[in-house]
Amino acid sequence: MEHRIVFATGNEGKMREVRLIMADLGMEILSMKEAGADPDIVEDGKTFGENAEIKARAVWEQTGGIVMADDSGLVIDYLGGEPGVYSARYMGEDTSYEIKNRALIDRLAGVEGQDRSARFVCNIAAVLPDGQVVHTEETMEGLIAMEPAGDGGFGYDPILYLPEYGKTSAEITIEEKNKISHRGKALEAMKDRLKEIFREETVR
Ligand code: ITT
């Protein structure tokens, strides 16, 4: 059985959440940098699932073992699903989230209530030592806030308002976010899948 998982991301905000969520699996979690992998990755998939697999496979080609990747983003219904799979690249990769968040709020000027519905989506792809791939996908539902709020989390967290908390995703703690978030739920589901796969392997 493998004792380590390489996580194929260059995003430190994601990596912080991943380490906490995966801590109880009893396996070493390495970022791709820590594993010495540095592939050229072209995220040209049309779905979160395709992009997650592209990233995981590119790193797996260099490291082998178990490699996971996360492809995620913010889907705003009123904008026909934008920024979606382009969330990191929306308005340019180097544009600050202060500017991106403000721009999205401005694009929803005059839109009210449930018409501001949006969600974070996260697809996790795990490439296993034999090259087989497993996916899980989850969402965190909310509304686009009228104003950005909070300085926790990363990216679009200040503008996803969670009605049941009365707060944005940037105003709750990382522990609270991990319990309810797209990434938290998709990684929990992946942990269950991996446990099943390892159990089948030991029985065989
Ligand atoms: P890697 O590909 O290296 O993992 P990335 O940031 O480019 O890093 P993605 O292509 O998956 O990752 O883009 C995800 C973007 O979606 C991310 O940069 C944020 O803008 C947004 N996003 C995803 N999950 C989020 C979260 O939990 N909170 C806030 N924004 C999030």
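When a ligand or atom number is given, it counts from 1 through the structure's own listing order.
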Report task. Between Phe154 and ligand 1, find which residue part has any heavy-atom pair under 4.0 Å and reply side chain, backbone, both or neither. Result -> both
Query raised in the report: Within the structure, does Gly10 bring an N/O atom to less than 3.5 angstrom of an N/O atom in ligand 1?
Result: yes
Requested in this report: For residues Arg4 and Leu30, report the shortest heavy-atom separation together with the two atoms involved.
Outcome: NH1-CD1, 3.1 Å
Query raised in the report: Is Glu138 salt-bridged to Arg183, cutoff N-O under 4.0 Å?
Result: no
Query raised in the report: Identify the closest protein heavy atom to atom 12 (O) of ligand 1: which residue and atom is it, and at what distance?
Result: Lys14 NZ, 2.9 Å
Query raised in the report: What protein heavy atom is closest to atom 7 (O) of ligand 1, reported as residue, atom name and distance in Å?
Result: Ala88 CB, 3.6 Å
Query raised in the report: Do Glu34 and Arg19 meet the salt-bridge criterion of a basic N to acidic O distance under 4.0 Å?
Result: yes
Query raised in the report: At what distance is the nearest protein heavy atom to atom 24 (N) of ligand 1, and which residue and atom is it?
Result: Arg183 NH2, 2.9 Å
**Report entry** Taking atom 8 (O) of ligand 1 as the reference point, the nearest protein heavy atom with its distance
**Finding:** Asn11 CB, 3.4 Å
Query raised in the report: Nearest protein heavy-atom contact for atom 10 (O) of ligand 1: which residue, which atom, what distance?
Result: Glu43 OE1, 3.1 Å
Query raised in the report: Which protein non-hydrogen atom lies closest to atom 21 (C) of ligand 1, naming both residue and atom, and how far is it?
Result: Tyr156 CD1, 3.7 Å
Report summary line: Heavy-atom closest pair (Cys122 atom, Asp70 atom, distance to 0.1 Å) is SG-OD2, 3.2 Å
Requested in this report: Distance to 0.1 Å, residue and atom name: give those for the protein heavy atom nearest to atom 2 (O) of ligand 1.
Outcome: Lys55 NZ, 2.7 Å
Query - Verdict with supporting geometry, Glu141 and Arg116, salt bridge (Lys or Arg N to Asp or Glu O under 4.0 Å) - result: CA-CA 11 Å; Glu141 304 285 331; Arg116 302 180 71 88; over 6 Å; no
Query raised in the report: So among Glu17, His182, Glu171, which one has a side chain to side chain donor-acceptor pair (under 3.5 Å) with Lys177?
Result: Glu17
Query raised in the report: Can a non-hydrogen atom of Arg89 be found less than 4.0 Å from any atom of ligand 1?
Result: no
Requested in this report: May I ask you to identify the nearest protein heavy atom to atom 28 (N) of ligand 1, giving residue, atom name and distance to one decimal place in Å?
Outcome: Asp157 OD1, 2.9 Å
Report task. Measure from the ring center of Tyr97 to the ring center of Tyr156 and say whether it is less than 6.0 Å. Result -> yes
Report task. Report the member of Ser169, Pro158, Cys122, Ser87 with the shortest heavy-atom distance to atom 15 (C) of ligand 1. Result -> Ser87
Query raised in the report: Does CG in Asp192 sit with more than 12 non-hydrogen atoms of other residues, nucleotides or ligands closer than 6.0 Å?
Result: yes
Report task. Between Val85, Thr9, Leu160, Val75, flag the one that comes closest to atom 4 (O) of ligand 1 by a heavy atom. Result -> Thr9
Report task. Going by heavy-atom distance to atom 17 (C) of ligand 1, choose the closest among Tyr97, Phe48, Tyr86. Result -> Tyr97
Query raised in the report: Is ligand 1 less than 4.0 angstrom away from at least one heavy atom of Asp70?
Result: yes
Query raised in the report: Within the structure, does Ser72 bring an N/O atom to less than 3.5 angstrom of an N/O atom in ligand 1?
Result: yes
Query raised in the report: For ligand 1, is there an atom lying under 4.0 Å from some heavy atom of Lys100?
Result: no
Query raised in the report: Are Gly153 and ligand 1 in contact, using a heavy-atom cut-off of under 4.0 Å?
Result: no
Report task. Give a yes or no on whether a salt bridge exists between Arg57 and Glu53, defined as a side-chain N under 4.0 angstrom from a carboxylate O. Result -> yes
Query raised in the report: Salt-bridged, Asp38 to Lys33, with N to O below 4.0 Å?
Result: no
